[in-house]
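These notes are about the structure you will find just below.
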Amino acid sequence: MAKIPKQIVFIYRSLPVLSVIHVIIPVIMWLNKSTLVASIKTSSPGLSKAQIASYTNIALNAGIVFHLVFAFVFIIMAKPIFKGSKKARTRLTIWLIINSLASLLSFYFSPMFRIVIPPLDVFQLLLVVILWMPRPSQSFFKFQAGQARD
């Protein structure tokens with residue numbers, strides 16, 4: 001096995017951190033449910049209390065599912081990335097980009113995480129760049145693909 005470049009080690013260590021963040025966010029949403037309710041009231045002032053309650057539950061449940069899926073994906077992607085799987089690199093890239101695009105929607109619709117979303121998106125896009133751009137990363141995935149079936 002080739003020496004694992006520090007860029008890949010960084011990604012390997014970053015994925016569990018992203019997973020933890022994705023577990024924490026729904027907890028924060030739940031604990032700050034009143035902020036979510038206020039946001040829904042502000043964006044749609046004509047809604048009844050029942051509609052607001054319904055939209056709040058939908059937002060919370062969707063947030064929980066969304067974030068737990070990403071937490072799971074980032075955890076399971078770490079090992080194949082560390083082993084140099086080209087397929088894992090492509091899949092992780094897609095997941096990171098989808099996550100960044102989805103967080104833009106959260107930024108637009110919910111002020112709750114506006115301070116966290118931009119740096120998190122920059123970080124995720126940095127991981128994409130690290131997966132593909134530095135020569136050590138390119139060489140690592142090229143070499144590993146030649147060693148084992150992907």
Side-chain angles (χ1 to χ4, degrees), residues 1-40 42-44 54-150:
M1 182 175 207
K3 183 176 184 263
I4 299 170
K6 63 184 176 188
Q7 295 88 344
I8 303 306
V9 173
F10 177 75
I11 291 170
Y12 178 76
R13 291 180 178 162
S14 296
L15 292 175
V17 173
L18 284 176
S19 293
V20 169
I21 290 168
H22 277 286
V23 170
I24 291 171
I25 289 173
V27 172
I28 293 171
M29 287 174 65
W30 189 262
L31 292 174
N32 292 301
K33 190 175 178 179
S34 60
T35 304
L36 185 57
V37 169
S39 176
I40 292 170
T42 302
S43 66
S44 303
S54 176
Y55 290 172
T56 301
N57 286 331
I58 290 169
L60 287 172
N61 290 331
I64 289 168
V65 169
F66 172 84
H67 288 289
L68 291 182
V69 165
F70 276 95
F72 177 75
V73 166
F74 290 147
I75 284 294
I76 65 167
M77 295 300 296
K79 188 174 181 180
I81 288 296
F82 200 66
K83 288 185 173 187
S85 167
K86 288 174 79 174
K87 287 181 183 178
R89 177 172 65 159
T90 301
R91 289 178 184 141
L92 179 59
T93 299
I94 292 166
W95 280 101
L96 288 166
I97 291 170
I98 289 170
N99 191 25
S100 292
L101 292 173
S103 68
L104 289 176
L105 289 173
S106 294
F107 185 87
Y108 178 75
F109 287 112
S110 175
M112 192 181 306
F113 295 105
R114 285 195 178 152
I115 196 162
V116 176
I117 291 171
L120 191 56
D121 276 356
V122 168
F123 181 70
Q124 290 180 128
L125 295 176
L126 174 66
L127 293 181
V128 171
V129 170
I130 292 171
L131 278 168
W132 293 93
M133 296 300 289
R135 189 166 308 279
S137 295
Q138 293 174 4
S139 298
F140 177 71
F141 286 102
K142 189 178 204 176
F143 176 80
Q144 295 305 106
Q147 297 301 307
R149 292 183 353 166
D150 226 353

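The chain is numbered in sequence order, starting from 1. Quick caveat, the model's predicted, so the values are computed rather than measured.
Atoms CD and CH2, from Q124 and W95 in turn, are 12.0 Å apart once rounded to the nearest 0.5 Å. A distance of 9.5 Å separates CG of N99 from CG of L125, quoted to the nearest 0.5 Å. Going from atom CD1 of I40 over to atom CD1 of I58 covers 8.5 Å, rounded to the nearest 0.5 Å. Here CD1 of I4 is found 10.5 Å from NZ of K83. Values are rounded to the nearest 0.5 Å. Taken from CG in L131 to CG in L126, the straight-line distance is 9.5 Å, to the nearest 0.5 Å. Interatomic distance, I25 CD1 to I21 CD1, rounded to the nearest 0.5 Å: 7.0 Å.
Of all the heavy atoms in I81 and I8, the pair that sits closest is O-CG2, 3.8 Å. Looking at every heavy atom in both residues, G63 comes nearest to P26 through O-CG, 4.2 Å. Shown here for A71 and S19, the closest heavy-atom pair between the two residues is O-OG, 2.8 Å. A pairwise comparison of heavy atoms in F140 and F82 identifies CZ-O, 3.2 Å as the closest pair. Across all their heavy atoms, A78 and L15 have their closest contact at CA-CD1, 3.6 Å. Across all non-hydrogen atoms, the minimal contact from I117 to F107 is CD1-N, 3.5 Å.
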Side-chain donor-acceptor pairs under 3.5 Å in residues 28-38, sequence neighbours left out?
| residue | atom | partner | partner atom | Å |
| --- | --- | --- | --- | --- |
| N32 | ND2 | I28 | O | 3.1 |

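The shortest side-chain heavy-atom distance between L92 and I11 falls under the 4.5 Å cut-off. Between V65 and N61, the closest side-chain pair of non-hydrogen atoms is not below 4.5 Å. A heavy-atom distance below 4.5 Å is not found between the side chains of F74 and V17. Residues F123 and L96 form no side-chain contact, since every pair of their non-hydrogen atoms from C-beta on lies 4.5 Å or further apart.
Scored by the side-chain hydrogen bond (donor to acceptor under 3.5 Å, both in side chains) test, S103 finds D121 as partners (sequence neighbours excluded). Here W132 pairs with T93 under the side-chain hydrogen bond (donor to acceptor under 3.5 Å, both in side chains) rule; sequence neighbours left out.
Using bins of under 30°, 30° to 60° and over 60° for the plane-to-plane angle, the ring pair F66/H22 lands in the perpendicular bin.
Other residues, nucleotides and ligands place more than 12 heavy atoms under 6.0 Å from the CZ atom of F113. In the displayed structure, R114 atom CZ is contacted under 6.0 Å by more than 12 heavy atoms of other residues, nucleotides or ligands.
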Next on the checklist: As a quick check of understanding, evaluate side-chain contact (heavy atoms from CB on, under 4.5 Å) for R13 and V9, giving each step before the final call.
Outcome noted: CA-CA 6 Å; R13 291 180 178 162; V9 173; 3.6 Å; yes
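Side-chain N/O atoms of S137 and Q7 include no donor and acceptor closer than 3.5 Å.
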